[in-house]
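Quantities reported herein were computed from a predicted structural model and do not represent experimental measurements. Just so it is clear, the values below take in all heavy atoms, side chains as well, and ignore hydrogens, waters and symmetry mates.
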Amino acid sequence: MGRKDKKFKKKKWPWILGILGVIVVGLGIYLFTIYNSFTNTLDEIHEPIEREVSEKRTIDQEVVLNEKDPFSVLLLGVDEREDDRGRSDTMVVMTVNPADESTKMVSIPRDTYTEIVGRGTTDKINHAYAFGGIEMSMATVENLLDIPIDYVLQVNMEGFQDIVDAVGGVEVNNSLAFDEFKEGKIELDGEEALAYVRMRKQDPEGDFGRQNRQKQVIQGIMKKGASVNSLLNYKDIFNALGDNVRTNMTFDEMMDVQSNYRDAIGTVDQLMVEDGTGETINGIWYYMMNDAELAEIQSTLKTHLNM
């Protein structure tokens, strides 16, 4: 009886090892495919800009990501149009400090009245993109906040819905019932998410209410994108990113951020722009930032960047 058991075990083990081998090889091929798609997508979204470093940084202040230097990034949600470059529908600045393990985030109202750097005019800040694209937007935001902008991430808002659909939709906690969106926790597909973040006329908080909805959807995408189910939809996710996202950050820099700044990106402190006033000039409405509030935001961001 003992000999039969030993004989059975000897015959059984090769089968088990064979099955495990197939699983390991299959998993390896799957991960290799994901990695290849990932690197190809990052190559596709990488878009260099002319300047190598911000004028607001001296040589000894240049960002070295593998040394965990604090850095800043401008997020541009662009409303692209067929007949022109479009407008930057959303402008968010983030500063990331790994030593503090925190990220500061400020949403700039798109109607903010400010100097458009490189054009010699004063206008709504979201017009900077229409006049001079990414680099004029970066220079204008730098001038407004008095900090260097090291990186930029541009997202096509029309393709934003493709990204939401690719992760399987998002859940948000809606504080204001409007149109077909009820109050409370709701599930949104891509088309619904785009309508949700764009509404502002029915919101008593105007652009500020919309900024909060944008943040909710972005957080929902990040949460869904990190889930196991998203691994199964990686092709759809990578295709959506490749078609709709552009950044001057290289693949190596993204890997440095992932490995050295992970804890900092997990804690986001939002700085609110809320004390300004509206003013009509030549029949056009502008948002005028409060000088004291702007100075406080500038100081906070500079400190966070160790400047």
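Ring geometry, Trp285 versus Tyr287: the interplanar angle falls from 30° to 60°, so the pair is classed tilted. Aromatic ring orientation, Phe178 versus Tyr196: parallel (interplanar angle below 30°, classes split at 30° and 60°).
Leu145 and Tyr113 end up in different hydrophobic clusters when Ile, Leu, Val, Met, Phe, Trp and Tyr side chains are linked at under 4.5 Å. The hydrophobic clustering, which links ILVMFWY residues whose side-chain heavy atoms are closer than 4.5 Å, places Val167 and Ile186 together. The hydrophobic cluster containing Tyr151 does not contain Val117, counting ILVMFWY residues as joined when their side-chain heavy atoms lie under 4.5 angstrom apart, directly or transitively. Put simply, Tyr129 and Tyr286 are part of two different groups of oily side chains (I, L, V, M, F, W, Y) that touch within less than 4.5 Å, one to the next.
If you take CE on Met255 and CG on Asn66, they are separated by 14.0 Å, rounding to the nearest 0.5 Å. Once rounded to the nearest 0.5 Å, the distance linking CZ of Phe251 with CG of Asp256 reads 10.0 Å. From Ile134, atom CD1 reaches atom CZ of Arg51 across 11.0 Å, with rounding to the nearest 0.5 Å. Atom-to-atom distance recorded for Glu253:CD and Phe71:CZ is 9.5 Å, nearest 0.5 angstrom. Separating the CD1 atom in Ile149 from the CG atom in Asn143 is a distance of 11.5 Å, to the nearest 0.5 Å. Taken to the nearest 0.5 Å, the CG atom of Asp162 stands 11.0 Å off from the CD atom of Glu191.
Checked against Val106 for a side chain to side chain contact (heavy atoms under 4.5 Å, CB included), the options Thr95, Leu301, Val141 give a single hit: Leu301.
Tyr261 and Val64 get closest at one heavy-atom pair: OH-O, 4.2 Å. The heavy-atom pair separating Val172 from Leu188 by the smallest distance is CG2-CD1, 3.7 Å.
Asp123 meets the salt bridge (charged side-chain N to carboxylate O under 4.0 Å, His left out) test with no other residue; sequence neighbours excluded. In this structure, Glu192 has no salt bridge (charged side-chain N to carboxylate O under 4.0 Å, His left out) partners at least two apart in sequence or on a different chain.
Taking 4.5 Å as the limit, some side-chain heavy atom of Pro148 sits within range of a side-chain heavy atom of Leu305. Side-chain atoms of Pro70 and Met307, non-hydrogen and from C-beta on, never get closer than 4.5 Å to each other. Using a 4.5 Å heavy-atom cutoff, the side chains of Met91 and Leu76 are in contact. Inter-residue side-chain proximity for Met289 and Ile297 is flagged as unmet; no heavy-atom pair is nearer than 4.5 Å. At least one side-chain heavy atom of Thr247 sits under 4.5 Å from a side-chain heavy atom of Met254. Looking only at side-chain heavy atoms (C-beta outward), Met249 and Val257 come within less than 4.5 Å of each other.
Counting only residues at least two apart or on different chains, the salt bridge (charged side-chain N to carboxylate O under 4.0 Å, His left out) pairs with a member in residues 106-120 are Asp89-Arg110, Asp111-Lys124, Asp111-Arg200. A salt bridge (charged side-chain N to carboxylate O under 4.0 Å, His left out) check over residues 67-76, counting only residues at least two apart or in different chains, returns nothing. Residue pairs meeting the salt bridge (charged side-chain N to carboxylate O under 4.0 Å, His left out) criterion with at least one member in residues 126-141: none, sequence neighbours excluded.
More than 12 non-hydrogen atoms from other residues, nucleotides or ligands lie less than 6.0 angstrom from CG of Asp179. The number of heavy atoms from other shown groups lying within 6.0 Å of CD (Glu180) is above 12.
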Are Val217 and Arg213 close enough, and set up right, to give a side-chain contact (heavy atoms from CB on, under 4.5 Å), and what steps lead you there? CA-CA 6 Å; Val217 172; Arg213 286 189 291 278; 5.7 Å; no
Would Met138 and Ile49 count as a side-chain contact (heavy atoms from CB on, under 4.5 Å) here? Give the steps. CA-CA 11 Å; Met138 294 175 74; Ile49 59 176; 3.8 Å; yes
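There is no side-chain donor-acceptor pair under 3.5 Å between Asn97 and Ser102.
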Let me have the donor-acceptor pairs involving side chains of residues 269-277, under 3.5 Å, with sequence neighbours excluded, atom names and distances please.
unit_1, atom_1, unit_2, atom_2, d
Asp269, OD2, Lys104, NZ, 2.9
Gln270, OE1, Lys215, NZ, 3.0

